[in-house]
2 protein chains.
Amino acid sequence: MKDEEALAMALGVNLLAAAGALTAAIHDGVLVRGFDDLRPAHGFAFARMAAGGATVTELAAHLGVTRQAAGQLVDELEAKGYAERRPHPDDARARLVVLTERGRACTRAAEQAAADAVRPWAGLLGEDRLRALTADLGRLAPGGPVRPTW
Amino acid sequence: MKDEEALAMALGVNLLAAAGALTAAIHDGVLVRGFDDLRPAHGFAFARMAAGGATVTELAAHLGVTRQAAGQLVDELEAKGYAERRPHPDDARARLVVLTERGRACTRAAEQAAADAVRPWAGLLGEDRLRALTADLGRLAPGGPVRPTW
DNA sequence: GCAACTTGCTCAAGTTGCTTGCCTATCAGG
DNA sequence: CCTGATAGGCAAGCAACTTGAGCAAGTTGC
């Protein structure tokens, strides 16, 4: 295997390991904070809805799934009290999915859990390098798939 | 949201985006090279088998799934000619799963695809920073889950 | 050297998150 | 108004995983 290929494979493995570890840590933290009926996938929907709500179609595009799948996910969130469907102000076909207070509380819990998970990393690399790493990553794959897959 | 939390969330999103983009690019590259009957998950099994083979139990641990699931995956790889089961030299209960020549060819294709996908990134950041990024990532989550999840 | 437990693997059945296919309601353009 | 496109929901099916049970081979303790 050429050196270039070895670097690429190592990068891939490390990316997946870090992404997986962070996702798992956030998920665990959210669970510990009392939200034990959600999967990581829901968090990505929350993030998309946080700013003024989103339609099912928008959520589907954001998550990289079909509209039907996104609709089922919203059904679940609605049944569990994290989100609710409201009529869309501009389009009678569409329905705006917005977070409930419980949904916003869960979002805050996720942010705290994320901070807790990342804190030891800042200790490992130093905060400067961690910020640089975050920025570099952002340049590599802007708009990459935010796909759960667990 | 506190600044610390914002950094943590941004890091998470960027990690997932980069990991997802790279995984998708490798998968596409492997597909283009003629291996169109595999999913990304299989690649992780290949990587574990590459060095002398692995048992089903080892694969299960590596992939983070049950032994039954790993066994099904091996069934599939065997049916498609990428791997084969051989008696384990030291333990008559166990069976050693090893790559066939076709499996090794696919592994090489994946390495080439990974190098192709990463090359533009080296152009973006410079090779030094890319190596530093890879090394930093490796320190963050050593032994993190190498889980497919697509 | 035999009984009791553990480990490696497989078969079978059930769950689930997603898909494809089809349908209605609404919008936008001529 | 029609015509086509878009938002969403209903239903059925699928595919990757799970839990549960069982057999063969290894390991431990007396």
Side-chain angles (χ1 to χ4, degrees), chain A residues 16 20 23-24 27 36-46 48-49 52-80 82-98 145-150, chain B residues 20 23-24 27 31 36-46 48-49 52-80 82-98 145-150:
Chain A
L16 279 165
T23 305
H27 186 234
D36 59 350
D37 53 356
L38 293 175
R39 288 170 295 107
H42 298 118
F44 298 106
F46 282 14
R48 182 64 186 75
M49 287 189 279
T55 66
V56 167
T57 298
E58 286 167 349
L59 283 176
H62 182 66
L63 297 176
V65 298
T66 58
R67 280 166 307 175
Q68 288 84 338
Q72 289 175 8
L73 193 140
V74 170
D75 287 343
E76 200 183 336
L77 291 180
E78 207 168 18
K80 291 175 179 168
Y82 292 100
E84 56 185 15
R85 288 183 229 243
R86 318 186 136 226
H88 196 288
D90 303 333
D91 189 338
R93 293 171 303 179
R95 315 182 63 179
L96 202 57
V97 186
V98 297
V146 191
R147 195 141 174 211
T149 139
W150 298 258
Chain B
T23 306
H27 186 233
L31 208 125
D36 58 351
D37 54 356
L38 293 175
R39 289 171 294 109
H42 298 119
F44 298 105
F46 282 15
R48 182 63 185 78
M49 287 189 278
T55 66
V56 167
T57 298
E58 287 167 348
L59 284 176
H62 182 67
L63 297 177
V65 297
T66 57
R67 280 167 311 198
Q68 289 86 333
Q72 288 174 10
L73 192 141
V74 170
D75 287 343
E76 199 184 337
L77 289 179
E78 206 167 19
K80 291 175 178 168
Y82 291 101
E84 57 185 16
R85 286 182 229 242
R86 318 185 136 228
H88 195 289
D90 303 332
D91 189 337
R93 293 171 303 177
R95 314 182 65 179
L96 201 58
V97 185
V98 297
V146 193
R147 196 140 173 212
T149 130
W150 306 257

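In this text the structure is predicted, and so the values were computed from the model without any measurement. To find a chain, count down the sequence lines: A is the first, B the second, and so on, and within it residues start at 1.
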Between [X] ([atom1]) and [N] ([atom2]), how many Å, whole number?
| X | N | atom1 | atom2 | answer |
| --- | --- | --- | --- | --- |
| B/L38 | D/dA16 | CG | P | 12 Å |
| A/H88 | D/dG8 | NE2 | P | 8 Å |
| A/R39 | C/dT15 | CZ | C1' | 12 Å |
| A/R67 | C/dT19 | CZ | P | 12 Å |
| B/Q72 | C/dC9 | CD | C1' | 13 Å |
| A/D90 | D/dG8 | CG | C1' | 17 Å |
| B/L73 | D/dA16 | CG | P | 9 Å |
| B/Q68 | D/dA21 | CD | P | 12 Å |

Hey, could you give me the [atom1]/[atom2] distance between [X] and [Y], rounded to the nearest 0.5 Å?
| X | Y | atom1 | atom2 | result |
| --- | --- | --- | --- | --- |
| B/D37 | B/E76 | CG | CD | 8.0 Å |
| A/H88 | A/R93 | NE2 | CZ | 10.0 Å |
| B/Q68 | B/D75 | CD | CG | 11.5 Å |

* Looking across every strand, which nucleic acid part, if any, lies under 4.0 Å from B/A69 by heavy atom: base, sugar-phosphate, or nothing? -> base

* Base, sugar-phosphate alone, or nothing: which one does A/T57 contact when heavy atoms must sit under 4.0 Å apart? -> sugar-phosphate

* B/T66 vs D/dT18: side-chain N/O to OP1/OP2 distance below 4.0 Å -> yes

* To do: Verify the contact: side-chain N or O of B/R95 to OP1 or OP2 of C/dG8, cut-off strictly under 4.0 Å; return yes or no.
  => no

* Asked: Taking side chain as C-beta onward, heavy atoms only, is B/V97 less than 4.5 Å from B/L77?
  -> no

* To do: For B/A92 and for A/L96, locate the closest nucleotide of DNA chain D by heavy-atom distance; then report the residue assigned to the nucleotide nearer the 5' terminus.
  => A/L96

* **Residue closer to the 5' end of DNA chain D, A/R85 versus A/R93 (nearest nucleotide)** => A/R93

* Asked: Which residue, A/G64 or B/T55, contacts DNA chain C at a nucleotide closer to its 5' end, judged by nearest heavy atom?
  -> B/T55

* Structure fact -> D/dC30 -> Watson-Crick or G-U wobble partner, both distances under 3.5 Å, gives C/dG1

* What pair of heavy atoms forms the shortest contact from A/P89 to A/L96, and how long is it? -> CD-CD2, 4.3 Å

